Amino acid sequence: NVQRSLAMLTPRDVLIVPDLGEITAVDFSMGEKAIAQGALAVRSMLPTLAKLAVHDAEYASHVRERIRQPLPERVDELRIVGNSSVSRALIEAAFPGIVGKPFDAATVDRDIAWLIGRGDFERVDARLLNENGRGVLLVRVTEKPWGPHMFRFGLGLSTDFAGQGQFRLVANHTQRWLNSLGAEWRNEVQIGRDLRLTTELYQPLNASETLFVTAGAEGRRRVGEVSVALGSGAMSRPIAVYGSDEVRASAELGVAFGRYGELRLGPLFERVTIRPRVGPLQLPSFRGINQSGLRATLAIDQRDSATFAHHGYRLEASLQRAITDMSADDAFWASRVAADAAFTVGELTLDLHLRHERVTGRSQRDFPQYELGGFLQLSGLRPGELRGDRASLMRVMGLRRIGQIPGFASGVYLGGSFELGNATSAEERFDRRKLVRAGSAFVGLDTAIGPLYLGYGRADRSRESFYLFLGKP
């Protein structure tokens with residue numbers, strides 16, 4: 001659309017291009033800076049604009065005409081123009097309860113930001129008009145021309161500069177607007193140390209998407225190392241490597257809490273096969289373990305960034321009950337709770353993370369459910385060095401933005417962390433003396449391909465590692 005508009009310019013037109021730097025179309029909090037840059041660009045064009053000036057009397061007449069039609073104080077009608085694939089009902093649902101109430105520019109700005117964040121639109125504008133004394137909020141949308149198929153790619157790389165390295169390549173495809181209610185088909189492929197293929201059909205049951213159903217399937221192959229505790233309390237080098245093949249199918253009913261998050265509940269059908277890949281010949285295998293049952297998940301996300309957040313919080317919780325009447329081998333419980341909170345004081349940002357995961361009631365196996373270790377997951381330890389059916393982690397991270405690298409990184413950060421946690425068997429009693437203390441210092445870059453870290457981590461008993469990490473830890 002921008003290129004088409006530029007192509008329509010004639011010698012009579014004046015093009016003003018402010019230097020917005022890192023400011024994007026959704027950086028509403030940087031409005032004052034954008035206005036200042038716009039004013040600077042206009043002043044540089046004053047000689048050209050002076051040629052288009054009108055006489056004082058003509059301008060005064062124009063002002064009087066505008067005064068005769070003051071902007072209304074109330075919104076009597078919401079008018080949507082410019083949509084084709086995206087339903088009008090969904091756009092209207094983005095401005096809840098606005099009709100019949102006084103006009104509030106801040107509320108409209110937040111509604112527009114949420115609508116743009118959905119990913120359907122290239123541009124969204126809103127104007128309040130006076131039509132014969134009635135307040136009309138005109139919302140003009142410009143849909144992205146490359147839909148309804150959306151593709152995203154992600155890359156993760158890490159090394160500890162001591163022979164341990166991993167990579168992860170992720171490709172995501174979403175086909176949007178399969179019907180008027182906004183059904184979507186979501187697919188994701190991951191290759192690397194872990195392999196994963198997922199597909200999900202998402203179907204809203206109303207225009208506001210407050211109620212929805214999903215049906216999905218997942219295939220995953222994971223690799224896990226098994227170590228033993230040494231007399232010093234440290235963990236040995238891996239004595240065995242297991243592979244886990246997991247197949248899942250699910251159907252869920254979901255409720256969305258406006259723009260805060262969602263709750264899902266439904267049956268889960270899961271089978272897991274675990275085999276030794278490296279280790280003594282007598283290591284056992286576990287074939288066709290059935291873990292089917294019911295699962296509930298809760299996700300609430302109000303953070304201002306998925307990478308280097310400055311404000312906001314996030315809460316994730318899941319509870320799975322394996323049920324023998326659904327052919328599960330063990331009637332166990334699996335639970336997970338994770339919470340993050342970021343806040344900024346002056347130039348310093350503190351980011352807090354708490355996580356607890358636990359499986360109870362299932363028979364013991366040599367391939368525990370959860371793992372800890374690696375950058376910001378008990379820095380200094382090997383990735384996955386600690387494994388168990390119960391894992392806990394607390395992390396306090398400090399960040400300070402020191403600049404940017406134009407064209408590469410929108411932010412450069414100096415940071416450090418303090419971490420405390422451990423992974424044990426579910427039956428083992430909690431002992432704070434066994435908690436592992438760790439910390440890190442790093443430089444982080446917020447790049448277009450994901451966060452990039454160069455850091456150093458150190459844990460108890462002088463275990464240490466250097467890290468180069470691309471992606472989210």
Side-chain angles (χ1 to χ4, degrees), residues 166 168 188-200 214-229 235 238-252 264-297 316-338 355-373 383-392 422-428:
Q166 299 179 18
R168 180 178 70 254
E188 187 168 283
V189 178
Q190 174 182 308
I191 61 174
R193 182 174 183 264
D194 293 344
L195 305 178
R196 184 165 57 89
L197 172 64
T198 65
T199 185
E200 180 186 74
T214 68
E218 176 183 14
R220 185 175 183 183
R221 173 169 292 176
R222 295 193 299 159
V223 175
E225 299 173 345
V226 177
S227 303
V228 296
M235 300 299 293
I239 61 171
V241 177
Y242 272 90
S244 170
D245 293 330
E246 306 166 8
V247 179
R248 299 181 180 90
S250 63
E252 297 172 312
R264 297 186 179 199
L265 174 65
L268 172 69
F269 303 92
E270 180 177 24
R271 293 184 69 87
V272 180
T273 297
I274 301 171
R275 317 182 167 84
R277 299 180 61 176
V278 178
L281 295 177
Q282 66 271 25
L283 284 177
S285 296
F286 307 92
R287 298 179 180 274
I289 303 168
N290 195 316
Q291 301 185 157
S292 300
L294 296 176
R295 180 177 62 180
T297 60
E316 297 176 352
S318 65
L319 181 64
Q320 178 183 345
R321 173 62 171 173
I323 302 174
T324 54
D325 288 343
M326 296 178 64
S327 302
D329 296 329
D330 295 319
F332 66 85
W333 292 91
S335 59
R336 181 182 189 273
V337 178
R355 185 169 81 238
H356 181 71
E357 304 163 299
R358 185 172 184 177
V359 174
T360 57
R362 76 173 185 180
S363 59
Q364 291 297 303
R365 296 199 289 269
D366 293 340
F367 193 83
Q369 184 87 357
Y370 308 113
E371 63 180 39
L372 285 175
E385 180 172 334
L386 303 180
R387 300 188 64 89
D389 278 346
R390 181 176 62 192
S392 301
N422 201 357
T424 64
S425 67
E427 289 70 26
E428 186 175 339

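Please read these numbers as outputs of a predicted model, since none were measured by experiment.
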[atom2] on [Y] to [atom1] on [X], rounded to 0.5 Å:
{"X": "R358", "Y": "R390", "atom1": "CZ", "atom2": "CZ", "result": "5.0 Å"}
{"X": "E316", "Y": "T297", "atom1": "CD", "atom2": "OG1", "result": "9.5 Å"}
{"X": "R196", "Y": "R220", "atom1": "CZ", "atom2": "CZ", "result": "6.5 Å"}
{"X": "S292", "Y": "R248", "atom1": "OG", "atom2": "CZ", "result": "10.5 Å"}

- Assess whether side-chain contact (heavy atoms from CB on, under 4.5 Å) is satisfied between I274 and S244, documenting all intermediate values. CA-CA 5 Å; I274 301 171; S244 170; 4.3 Å; yes
Can you list everything that forms a side-chain contact (heavy atoms from CB on, under 4.5 Å) with [X]? Sequence neighbours excluded, please.
{"X": "A296", "value": "L265"}
{"X": "A322", "value": "A328, F332"}
{"X": "T214", "value": "E200, Y202, F212, E252, R264"}

How close do [X] and [Y] get, heavy atom to heavy atom, and via which atoms?
{"X": "N290", "Y": "M326", "answer": "OD1-O, 4.2 Å"}
{"X": "D194", "Y": "R222", "answer": "OD1-CA, 3.5 Å"}
{"X": "V359", "Y": "Y370", "answer": "CG2-OH, 3.5 Å"}
{"X": "W333", "Y": "L319", "answer": "CE3-CD1, 3.7 Å"}
{"X": "L268", "Y": "S250", "answer": "CD1-CB, 4.1 Å"}
{"X": "Q291", "Y": "Q320", "answer": "O-NE2, 3.2 Å"}

- Query: Would a 4.5 Å heavy-atom cut-off, applied to side chains only, mark V241 and V223 as touching?
  - Reply: yes
- Query: So do the side chains of L372 and R355 get within less than 4.5 Å of each other, counting heavy atoms only?
  - Reply: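 Yes - at least one pair of side-chain heavy atoms lies under 4.5 Å apart.
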- Apply side-chain contact (heavy atoms from CB on, under 4.5 Å) to the pair E218 and E246, showing each step before the final yes or no. CA-CA 8 Å; E218 176 183 14; E246 306 166 8; 5.9 Å; no
- Query: Just by modelled atom types, is the R193 backbone N or O under 3.5 Å from a matching donor or acceptor in the R168 side chain?
  - Reply: no
